[in-house]
Amino acid sequence: GSEAASEQGQEEEEAEDRLKEHMDNLLDKSAKARQSALQSLRLALSSKTLSEFLLERRLTLTDSLEKCLKKGKGEEQAVAGTVLTLLCLQMGSGPEGEEVFCSLKPLLVSILTDSTASPSARQSCATALGMCCYIAAADLE
């Protein structure tokens with residue numbers, strides 16, 4: 001029993017280390033590296049509940065996603081919008097989720113209304129805006 005628990009703890013620690021690495025890679029100069037990190041985070045956030053891990057790192061992750069949305073183009077922005085939606089889902093309807101949503105809402109609206117942004121980025125930002133608003137917005141407006 002204790003060997004299995006120890007092994008599970010080690011696996012969780014390794015998974016968290018990989019997540020931290022992916023979060024660090026969101027700040028890479030290479031668009032390809034950032035996009036790969038976003039894809040990995042998308043997979044991780046959609047396959048496992050990580051709210052405890054994310055709680056203490058939500059501001060860092062939110063800042064990184066903001067940079068990806070601002071600097072990125074097309075596919076990078078689209079995946080960043082999806083990761084943001086998943087982050088909001090993980091944070092839930094409490095103050096943490098609302099904080100994430102409120103900090104990125106103006107940027108999402110900006111990309112959504114930018115006719116020069118790629119259709120996939122605009123669609124992803126629209127979905128993120130709708131989902132995060134539904135989950136985390138305290139203000140009914």
Side-chain angles (χ1 to χ4, degrees), residues 2-141:
S2 66
E3 260 185 54
S6 170
E7 193 173 305
Q8 184 179 0
Q10 188 175 353
E11 282 177 20
E12 282 181 23
E13 196 173 305
E14 287 172 7
E16 285 184 5
D17 287 343
R18 282 194 304 275
L19 283 171
K20 288 176 194 170
E21 191 178 313
H22 297 317
M23 288 171 65
D24 288 343
N25 288 341
L26 290 179
L27 301 174
D28 200 286
K29 285 187 183 299
S30 160
K32 211 171 207 163
R34 289 192 309 268
Q35 204 165 318
S36 174
L38 284 166
Q39 292 287 7
S40 298
L41 285 168
R42 183 184 59 80
L43 282 170
L45 295 179
S46 61
S47 62
K48 192 173 183 187
T49 302
L50 301 162
S51 40
E52 289 292 316
F53 173 83
L54 293 169
L55 201 55
E56 34 187 85
R57 294 169 183 84
R58 73 183 181 283
L59 297 178
T60 306
L61 186 52
T62 303
D63 286 346
S64 299
L65 289 172
E66 181 178 2
K67 287 180 178 113
C68 289
L69 286 166
K70 279 183 178 176
K71 292 180 178 175
K73 298 283 181 246
E75 187 62 25
E76 182 179 347
Q77 287 177 314
V79 181
T82 303
V83 172
L84 173 60
T85 303
L86 292 167
L87 176 61
C88 257
L89 278 167
Q90 293 267 354
M91 291 293 96
S93 61
E96 296 85 5
E98 185 181 4
E99 179 182 30
V100 168
F101 171 62
C102 288
S103 67
L104 290 180
K105 179 183 168 194
L107 183 55
L108 291 172
V109 171
S110 168
I111 294 169
L112 177 60
T113 57
D114 178 1
S115 60
T116 63
S118 80
S120 63
R122 293 175 73 187
Q123 182 268 328
S124 179
C125 287
T127 302
L129 196 60
M131 287 295 293
C132 294
C133 187
Y134 180 74
I135 295 163
D139 182 11
L140 293 177
E141 291 296 312

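Computed over heavy atoms, backbone and side chain alike; hydrogens, waters and symmetry mates excluded. Just so you know, these numbers come straight off a predicted model, no measurement behind them.
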(request) Would you tell me whether S103 and E99 have side-chain atoms, one donor and one acceptor, within less than 3.5 Å of each other? (result)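 Side-chain D/A pair, S103 to E99: absent.
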Do you know the tightest heavy-atom contact between [X] and [Y]?
X    : Y    : result
L50  : A44  : CD1-O, 3.7 Å
S124 : Q77  : OG-O, 4.3 Å
G74  : S118 : CA-OG, 3.3 Å
F101 : A136 : CB-CB, 4.2 Å

Please examine the side chains of [Y] and [X], heavy atoms only from C-beta on, and report whether any two atoms are closer than 4.5 Å.
X    : Y    : answer
T113 : R122 : no
E12  : K48  : yes
V79  : L41  : no
V100 : E96  : no

(message) If the condition is side chain to side chain contact (heavy atoms under 4.5 Å, CB included), which residues does T49 pass it with, not counting sequence neighbours?
(response)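 Result, side chain to side chain contact (heavy atoms under 4.5 Å, CB included) vs T49: S51, Q90.
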(message) Test of understanding: with side chain to side chain contact (heavy atoms under 4.5 Å, CB included), list the residues that count as partners of A126, not counting sequence neighbours.
(response)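 By the side chain to side chain contact (heavy atoms under 4.5 Å, CB included) rule, A126 matches L112.
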What donor-acceptor contacts under 3.5 angstrom involve side-chain atoms of residues 20-29, with partners at least two apart or in another chain?
| residue | atom | partner | partner atom | Å |
| --- | --- | --- | --- | --- |
| N25 | ND2 | E21 | O | 3.4 |
| D28 | OD1 | S30 | N | 2.8 |

(message) Using a 3.5 Å distance criterion without hydrogens, assess whether the side chain of S40 forms a donor-acceptor pair with backbone atoms of S36.
(response)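 Yes, the answer is positive, given that a donor and an acceptor are paired below the 3.5 Å cut-off.
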(message) Using the salt bridge (charged side-chain N to carboxylate O under 4.0 Å, His left out) criterion, which residues pair with R34? Sequence neighbours excluded.
(response) E76
Under 3.5 Å, sequence neighbours excluded: what are the donor-acceptor pairs made by side chains of residues 60-68?
| residue | atom | partner | partner atom | Å |
| --- | --- | --- | --- | --- |
| T62 | OG1 | R58 | O | 2.6 |
| S64 | OG | T60 | O | 3.1 |
| E66 | OE2 | K70 | NZ | 3.2 |

Rounded at 0.5 Å granularity, tell me how far [atom1] in [X] sits from [atom2] in [Y].
X    : Y    : atom1 : atom2 : result
R42  : S47  : CZ    : OG    : 10.0 Å
T116 : I111 : OG1   : CD1   : 10.0 Å
L104 : C132 : CG    : SG    : 8.5 Å

(request) Report, as yes or no, whether the 6.0 Å neighbourhood of atom CD on E14 holds more than 12 heavy atoms from other residues, nucleotides or ligands. (result)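 Yes, CD of E14 has more than 12 neighbouring heavy atoms, counting only those of other groups under 6.0 Å.
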Side-chain donor-acceptor distances from residues 81-89 under 3.5 Å, at least two apart:
| residue | atom | partner | partner atom | Å |
| --- | --- | --- | --- | --- |
| T82 | OG1 | A78 | O | 3.2 |
| T85 | OG1 | G81 | O | 3.0 |

